[in-house]
Visitor: 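Can you read through this structure? Questions will come right after.
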Amino acid sequence: MALMSVIQVEDYSFSYPAPGRAVLARLSLTVTEGAFCVVAGPTGCGKTTLLRSLKPELMPVGEKRGSVSVLGRSLVAAGAEQPVDARFSATHIGYVMQDPAVQIVTDTVWHELAFGLENLGMGQDEMRRRVAEVAHFFGIEPWMHASTETLSGGQKQLVNLAGIMALRPSLLLLDEPTAQLDPHARRQFVQLLGRLNRELGLTVVMATHAPEDVADFVTQRVDLGVGVPLGARAAVEERLLRPQRRRWERLRAQADGARPAARAPRRPRLPRGAADPAPGQCALVAREAFFRYDRAAPWVLRGLSVAVRAGSVHVFVGGNGCGKSTLLKVLAGVCSPQRGSVESPLRARQALLPQDPKALLVCDTVAEELAEWRGRCGYAAADERAMLERFGLAAHAAQHPYDLSGGQQQKLALAKVLLADPRLLLLDEPTKGLDPRAAAAVARRLRALAAEGRTVVVVTHDLDFAFCCADEVSLVFDGELACTEPAEAFFAGNLIWRPSGSSRLFGALLDGEGGA
Amino acid sequence: MANVFQTYHPAVAFCYLACAIVFSMAALQPVYVALSLAGALAASCVTRGPRPTARSLAWALPLVALACVLNPFFSASGSTEILRLGSRAVYLESLVYGACSGGMLAAVLLWFASYAACMTSAATLELFGNRAPTVSLMVSQVLRLVPQFVTRGRDVSAVQHAVSAAAPASRRAAVRDRLRVVSVLMGWGMEDGMVRGDAMRARGYACGARRTSYRRYRFGRADGAVLAAVSAFGAWHMCGRFAFYPRIAVAALGPAAAYVPYALLMAVPVFLQLREWWVWRSCR
């Protein structure tokens, strides 16, 4: 064979000490120089364990069998961990993790790029050259001096990658690097990875649950666990969305009386005196809301008007920094508009699910988490157990919330707020970092909540998700709403803002059809 | 506002401003105080901008006036009586001394404002970082984590506020909620810390090599020239002797030439700004 093998994994098995279950079982894998290898599989299939086993500093602790060698160095031989020079590992094996913000160590971009080089004790001139090179390659030059806190998620992940590339590794390992990025940033990141692989001949191993994102560059694919098959949009529409859309038309027609179903009322009116609007009636109305964070800051919302109807899932989509999250805060009453008004009869019975569920999780175990508001909201221990069952968390009741996967944390946060019996639920990017199965579960759950007559407001950039669960969709643009339409009409009328023809989320929805 | 020292090595700004602060503090003599104050105002204009400087005057001028008015009540020495309030005499010497000390204080405070504008955290680290790379990394990490904690804390309390379905029923519960924000932040921060530790080790932190610090600035010839000029003016300048008591000795002010080095020292930022202006003028 002409090409040198970079990674050689033979009969490698791994199990963590506590649960005892084998995470990897007799895995063999060879990756040659210059390959772009994608490791695909759902959450918990051992992707992270495999990648960490290839990086000496991050080697997971547990029972190992078989052997692993990387770049000619043996990391695990006959189940025993071998000592590897830390300097060699740092300079030859790069590792990018999932969360963009957590990996950033220093306060400025240039310092972050130089961080790894400083660790190696490199001289000034060589450091300058390397920082200059990567800053140029990744297009970071214009914001070299920016503070890392002000960057977007996509920019942060680029800085992480660039900081690692400054070390000039021969092998790059990436653990779901795009899971937390919006679609635009994801494409940009993947393009750069492809260039690193093709132009610089870098060997890349990337774990992901969406292998189609990198399909253009992949030379080798490893499937761990049973992945979710792709599903066609047409099939979802045919089999799942019809009844949902019919229900919605019926409710609208009921609420609006004789008015044609396609036309929204010109001046949305809240039902008079009703504390809990009936499905189809307006439950949350914003009128010409103007909002900015500071007197000197630019307007984020400029005259935004919207009417959200009770018993529906109303989804707000839009590009990066269009003000979606701000809009959610204004609708939730966390920020009040400087001009215009927001009326929300359900204000006292609402719950907000933040982008990161950790903001809501405060206790040491899952069970305690659900019990936290028992006294306040007057539910019983039996309700908590029922909720654990309903969300499939019963087996995790004694675990620390931080030990759950992202999808499970999201479920826990939702279970926690649902115990408080909110009538209005606001969610910020509920599918961020979730695999297709977990995202499908969220979509199904939101539909169930709407069917119970609760009002659900979602802000997301995941169009496939919006397509599956929305009754009405609004496009946020330039601080106002470009349009608000029933989901079917909205997606039919768009050229760019359309769901994919087929996706794993659709596959997961169709897959779980029976159990839904 | 772009400050004049921006194009120079942080050592230049540091040495100059440290010199200016020390000399301004040391010289309690009307001419020197006047020069210090004028220099501090000019430097503030060219480092912080005219508008912030004008805003500073709003407290600087009352400070001088206050010191001037109050001093006679604390110091009854002097020989030129100008006013008698009850049994207390107000002497001219006292008034002038008060005005001088107020002016000195205002000048020093203005110099410090310029210092804060020129010596950002990055500049300070650049200057002292190489002595202690670990300390400079720690400072950088703290500067990274503090804003993150603040934003997160705001997010967490916003979420608590927004989950009104589980709103605290009593005041005590509300207080407990606020304390909860801290515990959420602690738990979250520690969780992050573990991942960040991994990310740091993955990039060779504590791999055995002695850390270096990336330096953004190089010390060039122009830096050397300005620094040499500052040192020369500083060395040339010697504190004059001047007596307020028992009588202001105008003759003791000495020949005007004695003030040249101090005036030159105070005018360095203005020279730099003028040079800049001249360069752009001839470019056009």
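By convention in this document, chain letters (A, B, ...) are assigned in the order of the sequence lines, proteins followed by strands, and residues within each chain are numbered from 1. The structure displayed is predicted, hence computed values, not measured ones.
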Visitor: Check each of B/Arg144, B/Gln148, B/Arg196 against A/Ile104 using the side chain to side chain contact (heavy atoms under 4.5 Å, CB included) test, and report the only one that passes.
Guide: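 The passing option is B/Arg144.
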Visitor: Donor-acceptor check, side chain of B/Thr212 to backbone of A/Gly123, threshold 3.5 angstrom: yes or no?
Guide: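 Pair absent, no side-chain N/O of B/Thr212 close to backbone of A/Gly123.
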Visitor: Counting only heavy atoms not in B/Met194 (residues, nucleotides, ligands), do more than 12 fall under 6.0 Å from its CE?
Guide: no
Visitor: Would you compute the distance between atom CZ of B/Arg218 and atom CD of A/Gln124 and round it to the nearest 0.5 angstrom?
Guide: 8.0 Å
Visitor: Looking at B/Tyr214 and A/Glu118, what are the two nearest heavy atoms and their distance?
Guide: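 Closest approach of B/Tyr214 to A/Glu118, heavy atoms only: N-OE2, 2.8 Å.
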Visitor: Report the distance from atom CG of B/Asp155 to atom NZ of A/Lys358, rounding to the nearest 0.5 Å.
Guide: 13.5 Å
Visitor: With chain A as the partner, which of B/Leu145, B/Val142, B/Val156 has the greatest number of non-hydrogen pairs under 4.5 Å?
Guide: B/Val156
Visitor: Can you tell me how far CD of B/Glu191 sits from NE2 of A/His400, rounded to the nearest 0.5 angstrom?
Guide: 8.0 Å
Visitor: So which atom in A/Ala90 and which in B/Arg203 form the shortest heavy-atom distance, rounded to 0.1 Å?
Guide: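 In terms of heavy atoms, the two residues are closest at CB-C, 4.0 Å.
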Visitor: Heavy atoms, side chains only, cut-off 4.5 Å: are B/Ser140 and A/Thr108 in contact?
Guide: no
Visitor: Check the pair B/Asp198, A/Arg52 against salt bridge (Lys or Arg N to Asp or Glu O under 4.0 Å), reporting the backbone distance first and the verdict last.
Guide: CA-CA 11 Å; B/Asp198 278 349; A/Arg52 285 187 158 240; 3.0 Å; yes
Visitor: With respect to chain B, which residue among A/Lys416, A/Gln355, A/Arg128 yields the maximal number of heavy-atom pairs within a distance under 4.5 Å?
Guide: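 That would be A/Arg128.
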Visitor: Could you grab the distance from atom CE of A/Met127 to atom CZ of B/Arg215, nearest 0.5 Å is fine?
Guide: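 Result: 9.5 Å between the selected atoms.
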Visitor: To the closest 0.5 Å, what do you measure between OG1 (A/Thr148) and CG (B/Leu143)?
Guide: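 One finds 9.5 Å between OG1 of A/Thr148 and CG of B/Leu143.
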Visitor: Which pair of heavy atoms, one from B/Ala166 and one from A/Ala420, lies closest together, and at what distance?
Guide: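 The pair with the smallest heavy-atom distance is CB-CB, 4.0 Å.
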Visitor: Among B/Ser164, B/Ala162, B/Ala199, single out the residue with the greatest number of heavy-atom pairs under 4.5 Å to chain A.
Guide: B/Ser164
Visitor: Report the residues that fulfil salt bridge (Lys or Arg N to Asp or Glu O under 4.0 Å) with B/Arg275, sequence neighbours left out, ordered by chain and then residue number.
Guide: none
